[in-house]
There are 2 protein chains.
Amino acid sequence: MAQDLKLTKNQSLVFDKLSAAPGPLSAYDLLDQLRDQGLKAPLQIYRALEKLQEIDLVHRLESMNSFVACAQPNCHAKTGLVAFAICEKCGVVSEFSDEVVQTRLAAWADERSFTTTKTSLEIRGLCQGCG
Amino acid sequence: MAQDLKLTKNQSLVFDKLSAAPGPLSAYDLLDQLRDQGLKAPLQIYRALEKLQEIDLVHRLESMNSFVACAQPNCHAKTGLVAFAICEKCGVVSEFSDEVVQTRLAAWADERSFTTTKTSLEIRGLCQGCG
DNA sequence: ATGCCATACGTTATATCATAACACAATCCA
DNA sequence: TGGATTGTGTTATGATATAACGTATGGCAT
């Protein structure tokens with residue numbers, strides 16, 4: 001509910017749902033949960049998600065086709081690297097960032113004149129509680 | 001065509017196609033290309049891919065729902081970390097591995113008693129030729 | 001305010017990716 | 001040789017994502 005200032009109605013609905021959720025949600029999970037508020041079609045969700053990702057309020061988890069609210073808005077998205085640890089049992093996602101990894105990958109890219117636009121780093125496994 | 005020794009017919013067909021391809025292929029790309037050889041249903045492809053991934057001959061690119069043959073079979077899959085740089089223009093995928101990144105992620109996990117089963121690391125952008 | 005432009009919205013249809021469930025065949029190996 | 005495991009073929013269905021179209025809304029320069 002925080003910085004909804006610039007957000008449109010659909011974007012706010014989607015962001016608020018994601019923020020309140022205990023774990024990642026798929027686009028269709030979101031759609032199901034937002035039918036009450038008048039959303040009816042997948043595109044309404046996907047468009048909101050697209051915008052939210054652009055402004056780094058939401059991240060997409062590539063390995064599970066789902067989405068999470070950013071844990072620290074305006075924080076480490078700027079660093080260019082956001083990483084996730086995903087518990088395959090309880091579904092909890094931990095977002096983190098690591099300078100060393102980031103630097104290392106930047107060096108790899110630089111050596112090869114590779115221009116990075118987006119990096120996704122996802123660790124799957126079992127969290128402390130579930131392991 | 002290399003170590004097909006243990007592979008079944010479908011697995012070989014899929015692996016050979018992927019090995020010969022200049023870039024990643026989706027399951028349905030593979031299906032289209034293998035209809036001549038008698039494959040008819042998506043499941044035949046997915047099952048072969050599943051097995052090939054288990055034995056580390058094939059990797060899945062999470063960020064694009066497609067698959068590549070492993071560049072160095074029996075090599076850095078063992079290290080527990082395989083990374084990919086994907087050119088969004090020409091589609092070329094570079095597979096690499098990095099000890100430092102791997103160590104760093106292992107440390108992160110260890111500190112939190114997170115048991116890693118699989119890590120995916122994908123860098124998207126433009127390769128030297130396309131940048 | 002008026003007009004323009006960019007962005008967002010709503011809707012229908014369709015494309016793309018992936019698995020469930022079931023029956024049968026091949027292979028391993030005790 | 002027979003039981004277990006793994007692979008196969010097939011049909012059906014589920015899940016994820018985008019194309020294409022027209023309308024509406026909001027910022028902002030004139």
Side-chain angles (χ1 to χ4, degrees), chain A residues 3-18 21 23-68 86 88 91 118 120 122 124, chain B residues 3-18 21 23-68 86 88 91 118 120 122 124:
Chain A
Q3 51 280 87
D4 295 16
L5 305 172
K6 313 168 179 175
L7 301 185
T8 67
K9 173 167 151 282
N10 289 1
Q11 288 159 15
S12 293
L13 288 170
V14 168
F15 179 68
D16 288 348
K17 267 297 176 212
L18 274 181
L25 296 175
S26 74
Y28 283 78
D29 289 340
L30 285 163
L31 179 56
D32 286 344
Q33 296 191 25
L34 289 171
R35 284 192 200 278
D36 295 347
Q37 342 283 317
L39 298 205
K40 295 173 182 170
L43 257 195
Q44 297 176 287
I45 305 294
Y46 282 107
R47 288 201 275 228
L49 287 171
E50 183 178 23
K51 187 62 181 181
L52 291 167
Q53 288 177 261
E54 275 174 30
I55 58 182
D56 289 316
L57 285 181
V58 162
H59 301 296
R60 174 188 170 83
L61 299 177
E62 303 288 353
S63 68
M64 56 191 304
N65 299 323
S66 61
F67 304 84
V68 287
I86 303 164
E88 293 179 316
K118 190 181 185 233
S120 80
E122 299 175 20
R124 321 215 23 149
Chain B
Q3 52 279 88
D4 295 15
L5 306 171
K6 312 168 179 174
L7 301 185
T8 67
K9 173 167 152 282
N10 289 0
Q11 288 159 14
S12 293
L13 288 170
V14 169
F15 180 69
D16 289 347
K17 268 296 176 209
L18 274 181
L25 296 175
S26 74
Y28 282 77
D29 289 340
L30 285 163
L31 179 55
D32 288 342
Q33 296 189 26
L34 289 170
R35 284 191 200 280
D36 296 347
Q37 342 284 319
L39 297 205
K40 294 173 183 170
L43 257 194
Q44 296 176 289
I45 306 293
Y46 281 108
R47 289 200 277 226
L49 286 170
E50 183 179 23
K51 187 63 179 180
L52 291 167
Q53 288 177 262
E54 275 174 29
I55 58 182
D56 289 315
L57 285 181
V58 162
H59 301 297
R60 174 188 170 82
L61 299 177
E62 303 288 353
S63 68
M64 55 191 305
N65 300 323
S66 61
F67 304 85
V68 287
I86 302 164
E88 293 179 316
K118 191 183 183 226
S120 81
E122 299 175 19
R124 321 218 19 154

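Letters A, B, ... are given to chains in the order of the sequence lines, protein chains preceding strands, and every chain is numbered from 1.
At the heavy-atom level, B/Ala27 lies nowhere under 4.0 Å from the strands shown.
With salt bridges taken as basic N to acidic carboxylate O contacts below 4.0 Å, none links B/Glu62 and A/Arg124. Ion pair B/Lys51/B/Glu54 flagged as a salt bridge, since at least one NZ, NE, NH1 or NH2 atom sits closer than 4.0 Å to an Asp/Glu carboxylate oxygen.
To the nearest angstrom, P of D/dT16 lies 10 Å from CZ of A/Arg60. We find that CG of B/Leu7 is positioned 16 Å from C1' of C/dA26, with the value rounded to whole Å. When the C1' atom of D/dA15 is taken as reference, atom CD1 of A/Ile45 falls 15 Å away, rounded to whole Å. The distance from atom NZ of A/Lys9 to atom P of C/dT7 is 21 Å, rounded to the nearest whole Å. One interatomic measurement links the two molecules: CE of B/Met64 to P of C/dT16, which rounds to 14 Å at whole-angstrom precision. Rounded to whole angstrom, the span from the CD atom of B/Glu62 across to the C1' atom of D/dT16 amounts to 14 Å. Counting to the nearest Å, the P atom of D/dA15 and the CG atom of A/Leu30 are 15 Å from each other. Atom pair A/Arg47:CZ and C/dA6:C1' shows a separation of 15 Å (rounding to whole Å applied).
Closest contact between the side chain of B/Leu43 and the listed nucleotides D/dA17, C/dA20, C/dG10 involves C/dA20. The side chain of A/Thr8 sits closest to C/dC9 out of C/dA18, C/dA20, C/dC9. For A/Phe67, whose side chain is taken as the heavy atoms from C-beta onward, the closest listed nucleotide among C/dG10, C/dA21, D/dA17 is D/dA17. Distance from the side chain of A/Leu39 is smallest for C/dG10 among the nucleotides C/dG10, C/dC9, D/dT11.
Within the structure, every side-chain polar atom (N or O) of B/Gln44 is placed at least 4.0 Å from both OP1 and OP2 of D/dT10. Regarding contacts with the backbone of C/dT7, every side-chain N or O of A/Lys51 stays at 4.0 angstrom or more from both OP1 and OP2. OP1 and OP2 of D/dG9 both lie 4.0 Å or more from every side-chain N or O belonging to B/Lys40. Contact between the side-chain N/O atoms of A/Tyr46 and the OP1/OP2 oxygens of D/dA17 is found at a separation under 4.0 Å.
Applying the side-chain contact (heavy atoms from CB on, under 4.5 Å) test between A/Val68 and each of A/Leu18, A/Leu61, A/Ile86 identifies A/Leu61 as the sole match.
Toward the 5′ end of DNA chain D lies the nearest nucleotide of B/Ala41, the other residue of the pair B/Ala41 and B/Asn65 mapping further downstream.
Residue A/Ser66 comes nearest to A/Pro24 through the heavy atom pair OG-CB, 3.4 Å, listed as atom of the first residue, atom of the second, then distance. A pairwise comparison of heavy atoms in A/Ala27 and A/Leu49 identifies CB-CD1, 4.2 Å as the closest pair.
One can find a donor-acceptor pair under 3.5 Å joining the base of D/dA17 and the side-chain atoms of A/Tyr28.
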